[in-house]
S.K.: 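First the structure, which I've put down as structure tokens, then a few questions once you've had a look.
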Protein chains: 2
Amino acid sequence: MTELEQRCAKAGLKMTGQRRTILKILGEAADHPSVEDVYARAKSIDTTISIATVYRTLSLLDELDLVIRHEFHEGHSRYELNWDHHHHLIDLESGQVIEFQNKELEAMKEKIARDLGYELVDHRLELYGKKIKGKKK
Amino acid sequence: MTELEQRCAKAGLKMTGQRRTILKILGEAADHPSVEDVYARAKSIDTTISIATVYRTLSLLDELDLVIRHEFHEGHSRYELNWDHHHHLIDLESGQVIEFQNKELEAMKEKIARDLGYELVDHRLELYGKKIKGKKK
DNA sequence: GTAGCTGCAAACTCTTTGCAACTCT
DNA sequence: AGAGTTGCAAAGAGTTTGCAGCTAC
């Protein structure tokens, strides 16, 4: 039983085959799959799984904070495991999503929230950019 | 003719009554209205306006970058004029949206993008927090 | 055994679109 | 005059839900 599965079980979720399949897919995903993506990958493992189950499972995982739901202005959501905290740079030309982390940024966000009288619970930063062509090294 | 209307006209948009109404509403909005909000307010000025026109106009304004479209994970979009650049802190308990700016943050984001080999075109930062009750002054 | 989970299909919400009539320039 | 815009209603996309049967615990 994986750590992820343990955390689900601890939250009172029954570990069904479908849920194991979806957790496996999320654990192996190097990208930020949409619901349709997760569904397609799940079907290659369990051909009988339904998209309703994928929606329900991802919502549950989101509530448990095991997963992060993104809205990259595409008309649908994308998901990823909530493992290591990071942010995203979206390539406006190719749609490619690049992950990054930055300690200073984290500290700064905490401070901004505190100065406004808030305890920071969650936050999102998305950068949208274009690749610089002429590499001025 | 307002500056906003001039910028629309310059982009080749015809200045119809409906568009003027919507621009007026956005200019006067102190919040971040949803499409339904804009539609409701528009109707109080022009009872014959349709929600299709509101959708179409907001999309156009978004393309022209006169407006910013937000997805605060509510299942619908919210809009605001793209005047002064700022970010948002969303109160998780009340849903209240607080705006803030931060120079250091801006500089840092430019740097992160550049270091990744990207020219920053746009970006979003959203903080989600809870009000700190015991004001430890 | 039973509370919870699943697949299916229908329903729902938000948004977009085809079309004929109308209007800004 | 003519290209662009509008309202209407229908269609589309993404997501949720009621229900009967099934399954993990």
Side-chain angles (χ1 to χ4, degrees), chain A residues 1-2 4-25 32-40 42-64 66-79, chain B residues 1-2 4-25 32-40 42-64 66-79:
Chain A
M1 199 181 216
T2 68
L4 215 44
E5 289 179 13
Q6 282 174 21
R7 290 175 67 184
C8 288
K10 190 171 291 180
L13 299 194
K14 287 189 178 169
M15 281 317 305
T16 64
Q18 293 90 331
R19 286 180 179 166
R20 257 185 257 273
T21 300
I22 291 167
L23 289 173
K24 184 168 184 293
I25 285 162
H32 306 75
S34 64
V35 175
E36 292 286 347
D37 291 335
V38 174
Y39 178 51
K43 270 211 153 171
S44 74
I45 298 173
D46 168 3
T47 56
T48 69
I49 199 168
S50 81
I51 199 163
T53 296
V54 177
Y55 270 107
R56 279 189 278 233
T57 303
L58 291 173
S59 292
L60 277 171
L61 296 176
D62 188 25
E63 270 168 44
L64 296 177
L66 294 177
V67 126
I68 294 174
R69 179 154 69 100
H70 291 286
E71 307 263 7
F72 292 150
H73 292 90
E74 302 167 299
H76 58 255
S77 301
R78 289 170 173 275
Y79 291 84
Chain B
M1 198 182 215
T2 68
L4 215 44
E5 289 179 14
Q6 280 172 22
R7 289 173 68 183
C8 288
K10 190 172 290 180
L13 299 194
K14 285 188 179 169
M15 282 315 306
T16 64
Q18 292 91 331
R19 286 181 179 162
R20 259 186 257 270
T21 299
I22 292 168
L23 289 173
K24 183 168 184 294
I25 286 162
H32 306 75
S34 65
V35 175
E36 291 286 348
D37 291 335
V38 174
Y39 177 52
K43 270 209 153 173
S44 72
I45 299 174
D46 168 4
T47 57
T48 68
I49 199 167
S50 81
I51 198 164
T53 297
V54 177
Y55 271 106
R56 278 190 279 232
T57 302
L58 290 173
S59 292
L60 276 172
L61 295 176
D62 188 24
E63 272 169 43
L64 295 178
L66 294 177
V67 127
I68 294 175
R69 179 155 69 101
H70 291 286
E71 307 263 7
F72 291 150
H73 292 90
E74 302 167 298
H76 59 254
S77 302
R78 290 171 172 275
Y79 291 84

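Proteins come first, then strands; the chains are lettered A, B, ... in the order of their sequence lines, and each starts at number 1.
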S.K.: Let me spell it out: for each of B:Ile51 and A:Val54, pick the nucleotide of DNA chain C with the closest heavy atom. Which residue's pick is nearer the 5' end?
M.R.: A:Val54
S.K.: Whether B:Arg19 contacts D:dG4 is assessed here as follows: a side-chain N or O lying under 4.0 Å from the phosphate OP1 or OP2. Is that the case?
M.R.: no
S.K.: Which residue pairs pass the salt bridge (charged side-chain N to carboxylate O under 4.0 Å, His left out) test when at least one of the two sits in residues 52-64 of chain B, sequence neighbours left out?
M.R.: B:Asp62-B:Arg69
S.K.: Classify the nucleic acid contact of B:Gln18 as base, sugar-phosphate or nothing, counting any heavy atom under 4.0 Å across all strands shown.
M.R.: sugar-phosphate
S.K.: When every nucleotide of nucleotides 18-25 of chain D is labelled 5' to 3' by its protein contacts under 4.0 Å (heavy atoms), B for base, S for sugar-phosphate only, - for none, what sequence of letters results?
M.R.: B-----BS
S.K.: Expressed in angstrom and rounded to an integer, what is the separation of A:His76 atom NE2 from C:dT13 atom C1'?
M.R.: 18 Å
S.K.: Are OP1 or OP2 of D:dT15 and a side-chain N or O of A:Tyr55 less than 4.0 angstrom apart?
M.R.: yes
S.K.: Return the value, rounded to whole Å, for the distance between atom CD of A:Glu36 and atom P of D:dG12.
M.R.: 16 Å
S.K.: Round to the nearest Å and state the distance from A:His73 atom NE2 to D:dG14 atom P.
M.R.: 16 Å
S.K.: What is the separation between atom CZ on A:Arg78 and atom P on D:dT15, rounded to the nearest whole Å?
M.R.: 12 Å
S.K.: Please report how far the helix from C:dG1-D:dC25 to C:dT25-D:dA1 bends, comparing the axis fitted to its first five pairs with the axis fitted to its last five, to the nearest 10 degrees.
M.R.: 40°
S.K.: Expressed as a whole number of angstroms, how long is the span from B:Lys43:NZ to D:dT6:P?
M.R.: 16 Å
